[in-house]
Amino acid sequence: KVNGTDPRKMIGYRTDIDGLPIKEETGLPYRSEHEGNMHACGHDVHMSIALGLLTHFAEHPIKDDLLFIFQPAEEGPGGAKPMLESEIMQAWKPDMIIALHIAPEYPVGTIATKEGLLFANTSELFIDLKGKGGHAAFPHLAND
């Protein structure tokens with residue numbers, strides 16, 4: 001947490017720190033040291049940005065308090081839900097949480113945003129359908 005100069009709220013900044021279960025075959029000197037895992041989705045960039053912001057605001061605090069959140073398991077299991085339900089997050093309760101995700105489809109220097117939910121959401125939905133099957137040639141014989 002970075003204490004603000006005259007805090008009225010706490011702003012959370014969240015970054016992801018998990019690697020993905022993918023065998024890294026880049027051969028690069030900064031490749032993962034953990035066989036079978038790599039940061040394949042920009043998480044290393046996200047972490048670098050968060051550490052840079054943390055360093056900046058530690059040296060130049062703003063009015064409100066800042067809480068830097070290093071979220072494990074963004075990709076699973078559970079995404080943000082286990083983090084939000086954790087004792088630590090229940091104790092801190094930021095007024096809002098912001099984050100970013102790199103987007104290589106945009107030109108360098110471009111920022112894309114929108115109000116409300118922006119990031120992808122991984123959810124599972126299971127539906128069991130029961131009834132009489134049908135065929136497009138005989139729609140009048142199927143359940144509607």
Side-chain angles (χ1 to χ4, degrees), residues 1-136 139 142-144:
K1 177 182 165 198
V2 177
N3 292 321
T5 58
D6 184 23
R8 295 209 165 90
K9 61 184 171 185
M10 184 183 305
I11 301 170
Y13 182 85
R14 168 236 166 256
T15 187
D16 39 18
I17 60 173
D18 55 335
L20 300 175
I22 299 171
K23 180 178 166 91
E24 185 161 3
E25 298 176 348
T26 64
L28 296 169
Y30 53 84
R31 69 185 171 275
S32 175
E33 297 176 5
H34 303 281
E35 187 64 32
N37 294 285
M38 70 181 289
H39 289 276
C41 186
H43 295 183
D44 47 351
V45 174
H46 301 161
M47 177 64 72
S48 298
I49 292 168
L51 292 172
L53 287 170
L54 176 56
T55 301
H56 173 80
F57 289 117
E59 296 170 359
H60 309 283
I62 62 172
K63 184 173 107 174
D64 291 315
D65 290 341
L66 297 175
L67 179 67
F68 284 82
I69 303 162
F70 298 88
Q71 177 188 343
E74 178 204 34
E75 307 285 347
K81 187 175 182 197
M83 180 193 73
L84 292 171
E85 293 173 347
S86 71
E87 289 181 31
I88 294 170
M89 285 300 290
Q90 293 303 308
W92 287 97
K93 291 199 183 224
D95 296 293
M96 65 184 289
I97 299 176
I98 57 175
L100 64 77
H101 201 288
I102 59 169
E105 65 271 19
Y106 291 107
V108 171
T110 301
I111 297 174
T113 189
K114 69 178 193 124
E115 188 174 329
L117 182 66
L118 177 62
F119 295 109
N121 180 11
T122 303
S123 300
E124 294 184 32
L125 175 64
F126 298 95
I127 301 173
D128 292 323
L129 300 174
K130 297 180 182 181
K132 183 177 178 185
H135 191 278
N143 289 341
D144 193 357

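In this chain, residues are counted from 1 in sequence order.
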Original post:
Do R14 and D16 pass the side chain to side chain contact (heavy atoms under 4.5 Å, CB included) test, and can you show the C-alpha distance, the side-chain angles, and the key distance before you say yes or no?
Top reply: CA-CA 7 Å; R14 168 236 166 256; D16 39 18; 3.8 Å; yes
Original post:
Which pair of heavy atoms, one from Y13 and one from A99, lies closest together, and at what distance?
Top reply: CE1-CA, 4.2 Å
Subject >> Over all atoms of both residues, closest heavy-atom pair of T26 and R31 >> reply: OG1-CB, 4.0 Å
Original post:
Would you say V2 and L54 make side-chain contact, with heavy atoms under 4.5 Å?
Top reply: yes
**OP:** Check P94 against G12 and note the closest heavy-atom contact, atom names and distance.
**Re:** CB-N, 3.9 Å
Original post:
Within a reach of under 6.0 Å around NE2 of H34, are more than 12 heavy atoms found that belong to other residues, nucleotides or ligands?
Top reply: no
Original post:
To the nearest 0.5 Å, what is the distance between OG1 (T15) and CG (L51)?
Top reply: 7.5 Å
Original post:
Could you give the distance from NE2 (H46) to CZ (F70), rounded to the nearest 0.5 Å?
Top reply: 13.5 Å
Original post:
Looking only at heavy atoms, which two atoms of F68 and A50 are closest? And how far apart?
Top reply: CE2-O, 3.8 Å
**OP:** Starting at CD1 of I69, measure out to CD1 of I97 and round the result to the nearest 0.5 Å.
**Re:** 4.0 Å
Original post:
Using 4.0 Å as the upper bound for N to carboxylate O, is an ion pair formed by D65 and K1?
Top reply: yes
Original post:
Hey, does the side chain of D64 reach the backbone of K9 with a donor-acceptor pair shorter than 3.5 angstrom?
Top reply: yes
Subject >> Spatial distance of atom CD1 (I17) from atom CE (M47) [nearest 0.5 Å] >> reply: 5.0 Å
**OP:** Work out which heavy atom in M38 is nearest to a heavy atom in S32; give both atom names and the distance.
**Re:** CA-CB, 4.1 Å
Original post:
At what distance, to the nearest 0.5 angstrom, does CD1 of I49 lie from CD1 of I102?
Top reply: 7.5 Å
Original post:
Does Q90 CD have over 12 foreign heavy atoms under 6.0 Å away?
Top reply: yes
**OP:** List the steps, then state whether salt bridge (charged side-chain N to carboxylate O under 4.0 Å, His left out) holds for E35 with K23.
**Re:** CA-CA 7 Å; E35 187 64 32; K23 180 178 166 91; 3.4 Å; yes
Original post:
Is any side-chain heavy atom of M96 closer than 4.5 Å to a side-chain heavy atom of I98?
Top reply: yes
Original post:
Rounded to the nearest 0.5 Å, what separation is found between the CE atom of M10 and the CG atom of L67?
Top reply: 5.5 Å
**OP:** Determine whether more than 12 heavy atoms belonging to other residues, nucleotides or ligands lie under 6.0 Å from atom CG of L28.
**Re:** yes
